[in-house]
Amino acid sequence: MTGQSEQQADVIVVGAGPAGSATATYLATGGLDVLVLEKATFPREKVCGDGLTPRAVRELDYLGVDPTGWTSNIGLRIWSHRTYPYLLPWPQLKDFPSIGYVRHRADFDAQLARHAASRGARVEYDVAVTEPIVDRRNQVVGVVAKDGRRFSAPVVVAADGNSSRLAVQLGWDRRVDRPLGVAVRAYYESPRQGEDWIESWLELWDGVPGKSNLLPGYGWAFPMGDGTCNVGLGITNTSPAFGHTDYRTLLRRWLDTTPASWGFREANRVSPIRGAALPMGFSRSAEYRAGLLLVGDAAGLISPFNGEGISYALESGRYAARHIAEAFAAGVRTTAGEQALSRYPVRLRAEWGRHFRLGNWFLKLIGRPELMKIASHYLLPLPGMPMFVHRTLANLIDETPGDIYDLLVHGLRRLVPSV
Ligand SMILES: Cc1cc2nc3c(=O)[nH]c(=O)nc-3n(C[C@H](O)[C@H](O)[C@H](O)COP(=O)(O)OP(=O)(O)OC[C@H]3O[C@@H](n4cnc5c(N)ncnc54)[C@H](O)[C@@H]3O)c2cc1C
């Protein structure tokens, strides 16, 4: 549509998922004029496991979001081939709280977006962004919406999720050398809905563990505290079965082997089985270039270790906002401002580059069922190993080492290059 006046802002954020709302909250708190454009009207469904680890809870604390009253959990139960699980409480650490939560994404995302608005961000729903506006110097200077409206800003943030239309339109492709996952989930009425542990399965069997077929992927069951459990499974492209599997059938085959008393059966399923992609381990070809920053799934920042993306989405929003604020302080579109923005990808790598490198290797290893079997049958039962795995997978490691697990993981990271 021509002839409409162009809306302006200091920063445009496309997408009001956790990454977009976190970015907007920090920027607006810092006094910048932020415009968030979200294609959906909230609350809206978002396919997710709904799990918030202590890493995500720490980010909520930084944002000033109070989770009081949400369904909490005290740790993770890990099932392997044994008939009983490993019980792994959230660790007591200096840098992280020792509590996790589950929260329906419809409510979670709506609350975060409201929070951003309460700090001064202008949040507009039902605005689908279709393309970036690029000036003659090839700088991104705004976006166009489906209804033809144009929005301009010297800095644009793509927080538009795993398929990031904005990034793709600029030719920032997905890196095929980085892992990609697919996960499906559904809600089941279950007597286990009020338990205070979340659970994950390292091995999925279609019968008696060890005596039936080992299915590809990993599984989870998260008690929602509302009568249901969020149950799902994920597979990565490091598994030979990736792309050749009917994930919905796989979910049913696995769940039919769980005790009937748990309720994970078709008759108790209260939602469709839905799935989505998990872009992992820095899987976008850039995180900043020419006025556009990518945060969260748009930048491919899901952890290859455990498929966790919410904490990394929130955290990347925090870093992005810091670098944008520095750019404005130095003079946006000046050399110094540009340098501040260019330090954002460097910061991401400094935080997670080595961890995600290890995670990418870990996925290659467990993609081979025979190696996964050796790991879970012989390595996992070793003394201290379950907690080491738990802490490493969830990236719950103190910056200043406080125990042997911190020391081990810091030591391991020193041995590998960043992604
Ligand atoms: C089945 C499954 C289970 C998962 N379980 C967990 C879990 O338990 N814990 C965890 O931490 N992570 C989990 N994840 C990963 C997690 O869901 C993502 O990492 C997280 O949602 C990323 O947040 P985001 O803000 O980057 O993107 P999103 O949450 O995808 O938000 C993107 C937003 O952008 C909007 N948008 C998209 N395109 C446009 C456009 N063109 N114009 C305007 N707006 C647009 C969308 O409507 C959406 O609101 C799971 C993922 C899947 C698929």
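Below, all heavy atoms of this structure are taken into account, side chains as well, without hydrogens, waters or symmetry copies. In this text, all values refer to a predicted model and were calculated from it rather than measured experimentally. In listed order, ligands and their atoms are each counted from 1.
Ring-plane geometry between Phe264 and Trp262 is classed as perpendicular, the angle between the planes exceeding 60 degrees on a 0 to 90 degree scale with a lower cut at 30. Between Phe242 and Tyr247, the ring planes lie tilted relative to each other; the angle falls in the 30° to 60° range. Relative ring orientation between Phe108 and Trp70 is described as perpendicular, the plane-to-plane angle rising above 60° on a 0-90° scale split at 30° and 60°.
Listed here is the closest heavy atom pair of Leu278 and Ala183: CD1-CB, 3.9 Å. Between Val416 and Trp361, the closest heavy-atom pair is CG1-CZ3, 3.3 Å.
Under 3.5 Å, the side chains of Gln111 and Arg103 contain a donor-acceptor pair of N or O atoms. Checked by atom type, the side-chain pair Tyr187/Asp226 shows no donor-acceptor distance below 3.5 Å.
Distances from atom 7 (C) of ligand 1 to the heavy atoms of Gly300, Gly51, Gly181 put Gly51 nearest. For the residues Ser200, Cys48, Gly232, the heavy atom positioned nearest atom 2 (C) of ligand 1 is part of Cys48. Taking all heavy atoms of Ile198, Asp160, Leu278, Ile273 into account, the minimum distance to atom 37 (C) of ligand 1 is reached by Asp160. For atom 36 (N) of ligand 1, the candidate residues are Glu131, Lys39, Gln169; the nearest heavy-atom contact is made by Lys39. Counting only non-hydrogen atoms, the option in Ala276, Ala159, Ala313 that gets closest to atom 32 (C) of ligand 1 is Ala159.
Between Asn230 and ligand 1 there is no heavy-atom distance shorter than 4.0 Å. Note on ligand 1: Pro18 sits in its first shell, one or more heavy atoms being nearer than 4.0 Å. Residue contacts with ligand 1 include Arg105, since one or more of its heavy atoms lies under 4.0 Å from the ligand. At least one heavy atom of Phe222 sits less than 4.0 Å from an atom of ligand 1.
Of all protein heavy atoms, the one closest to atom 19 (O) of ligand 1 is Asp297 OD1, 2.7 Å. In this structure, atom 31 (O) of ligand 1 lies nearest to the protein heavy atom Gly17 CA, 3.5 Å. Among protein heavy atoms, the minimum distance from atom 3 (C) of ligand 1 is reached at Gly49 N, 3.0 Å. Of all protein heavy atoms, the one closest to atom 35 (C) of ligand 1 is Glu38 OE1, 3.3 Å. With hydrogens left out, the protein atom closest to atom 25 (O) of ligand 1 is Ala19 N, 2.9 Å, a heavy atom.
For the ring pair (Phe, Tyr, Trp, His ring centres under 6.0 Å) test, residues two or more places apart in sequence or in another chain that qualify with Phe362 are Phe305. Partners of Arg349 by side-chain contact (heavy atoms from CB on, under 4.5 Å), not counting sequence neighbours, listed by chain and number: Phe282, Glu287, Pro345, Ser418, Val419.
Geometrically, ligand 1 and Arg165 share no nitrogen or oxygen pair separated by less than 3.5 Å.
Contact annotation for Ile302 and ligand 1: only side-chain heavy atoms (C-beta onward) come within less than 4.0 Å of the ligand.
Remark: ligand 1 atoms within the under-4.0 Å shell around heavy atoms of Leu37 are 43 (C), 44 (N).
Remark: Arg82 qualifies as a cation-pi partner of Tyr86 under the 6.0 Å distance and 45° angle criteria applied to the six-membered ring.
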